[in-house]
Structure formats: C-alpha cells, structure tokens
K.L.:
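Got a structure here, written out as structure tokens. Questions coming.
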Amino acid sequence: MITANGRYKSDSNTAIVIHNCSIVPTPDLRNQSDVKTYLGRSWKKFFLTIIMQSYLDTFIDREGWMKFDESSDVTTLHYVEFWNSGLGSSTSGRVKWPGYHVLNNPKDVQNFTVEKFINGSEWLPKFDIPYSSGLVRT
C-alpha cells in the first residue's frame with residue numbers, strides 16, 4: 001500500500017495529498033511482478049486521498065485501490081486521481097466504487113494544493129523545504 005488513511009468524520013479537514021511525486025518501486029521490488037501494489041486502502045470511514053500530477057510506475061495494480069476488508073464501506077471513502085502520468089497511471093481498470101473519482105478540471109483540485117490546503121507559503125519557507133505552492137501545470 002502506498003497510503004492508508006481514515007477519518008472519523010466526513011467533514012474533517014484532513015487528507016493524504018500526493019502531488020508532483022514519483023511513485024516507483026524500491027530496488028528489491030522492481031523485478032517482482034507477483035507483488036501487488038495499490039495506491040491505497042481504507043483504514044477507517046471517510047478516507048480521503050488525492051494523487052495528482054504524479055508519476056506512477058508500472059508496479060501499481062490496475063485496480064489502483066483496495067478495501068481494508070470485506071466489511072469496508074466504499075460509499076464513504078474518497079479517492080481522487082488527477083493528471084497523473086506513467087504506465088501505472090491508466091485509470092481504465094480502476095475500481096468502480098462511488099467514492100473513486102478521476103478528475104480532469106484543475107478547479108476541482110485547487111483546494112488540495114500546498115497553498116490552499118496547508119497555507120504552505122506562510123510556514124514552509126522558514127524550513128528551506130522545496131515545494132510547489134500550486135499545480136505544476138494547468
């Protein structure tokens with residue numbers, strides 16, 4: 001699993017946001033095609049994960065996401081993919097759950113950028129951390 005997340009309330013202002021990253025296998029997994037790797041799985045209700053403008057290598061399973069177990073409620077989770085690239089980024093074989101979304105309009109993900117989601121320009125420069133405050137391409 002790349003991510004595992006959950007929130008106790010649907011209106012919590014927390015999420016896992018992976019933006020402008022490369023999701024690639026570790027060297028020991030690079031040649032092990034029998035190891036299934038998923039972008040995430042629910043841990044509690046109200047899971048919210050956004051993977052946007054990132055490179056996804058071929059080791060990502062075509063379904064992309066999985067349930068924690070058979071009792072997992074896929075109607076309360078929210079998985080988002082936006083403008084990813086790489087051979088593992090094809091969304092054609094992804095899960096068909098009500099909470100899974102492929103977004104294509106930049107306006108739909110603006111609130112999850114560093115600037116809007118965590119007010120990054122107010123505190124990140126103090127730590128000399130490289131970051132992109134908004135979308136890296138529109």
K.L.:
Out of curiosity, does Tyr38 fall in the hydrophobic cluster containing Leu77 (side-chain heavy atoms, cut-off under 4.5 Å, transitive links)?
P.N.:
no
K.L.:
Sequence neighbours excluded, which residues qualify as side-chain contact (heavy atoms from CB on, under 4.5 Å) partners of Thr76?
P.N.:
Lys45, Phe46, Asp73
K.L.:
Return the CD to OG1 distance between Gln32 and Thr37, rounded to the nearest 0.5 Å.
P.N.:
9.5 Å
K.L.:
Tell me whether Tyr100 shares a hydrophobic cluster with Leu103, the cluster being built from Ile, Leu, Val, Met, Phe, Trp, Tyr side chains joined at under 4.5 Å.
P.N.:
no
K.L.:
Please list every donor-acceptor pair under 3.5 Å in which a side-chain atom of residues 9-25 meets a protein atom from a residue at least two apart or in another chain.
P.N.:
residue : atom : partner : partner atom : Å
Ser12   : OG   : Lys9    : O            : 3.2
His19   : NE2  : Gln53   : OE1          : 2.9

K.L.:
Check for a donor-acceptor pair, side chain of Thr113 on one end and backbone N or O of Asn111 on the other, with a separation under 3.5 Å.
P.N.:
no
K.L.:
Is there side-chain contact between Leu56 and Glu81, with at least one heavy-atom pair below 4.5 Å?
P.N.:
yes
K.L.:
For residues 122-138, which side-chain donor-acceptor pairs fall under 3.5 Å, sequence neighbours excluded?
P.N.:
residue : atom : partner : partner atom : Å
Trp123  : NE1  : Ile118  : O            : 2.9
Arg137  : NH2  : Trp83   : O            : 3.0

K.L.:
With no hydrogens and no angle check, is any side-chain donor or acceptor of Ser89 less than 3.5 Å from a backbone partner on Tyr55?
P.N.:
no
K.L.:
Would the number of heavy atoms belonging to other residues, nucleotides or ligands and lying under 6.0 Å from NZ of Lys67 be above 12?
P.N.:
yes
K.L.:
With a cut-off of 6.0 Å (strictly less than), are more than 12 heavy atoms of other residues, nucleotides or ligands near CZ of Arg62?
P.N.:
no
K.L.:
Enter the distance from His101:NE2 to Arg94:CZ here, rounded to the nearest 0.5 Å.
P.N.:
14.5 Å
K.L.:
If only atom types and distance count, is the side chain of Asn105 paired as donor or acceptor with the main-chain N or O of Lys107 below 3.5 Å?
P.N.:
yes
K.L.:
Compare all side-chain heavy atoms of Met66 with those of Met1 and state whether any distance is below 4.5 angstrom.
P.N.:
yes
K.L.:
Where the side chain of Asn5 meets the backbone of Phe47, is there a donor-acceptor pair that is under 3.5 Å apart?
P.N.:
no
K.L.:
Does Ile50 share a hydrophobic cluster with Val95, counting links as ILVMFWY side-chain heavy atoms below 4.5 Å and allowing steps through other members?
P.N.:
no
K.L.:
Between the main-chain N or O of Ile60 and the side-chain N or O of Asp57, is there a donor-acceptor pair closer than 3.5 Å?
P.N.:
no
K.L.:
Please tell me if the side chains of Phe112 and Leu48 come closer than 4.5 Å, counting only heavy atoms from C-beta onward.
P.N.:
yes
K.L.:
Should the ring pair Trp65 and Tyr79 be called parallel, tilted or perpendicular, given that the plane angle runs from 0 to 90° and is split at 30 and 60?
P.N.:
parallel
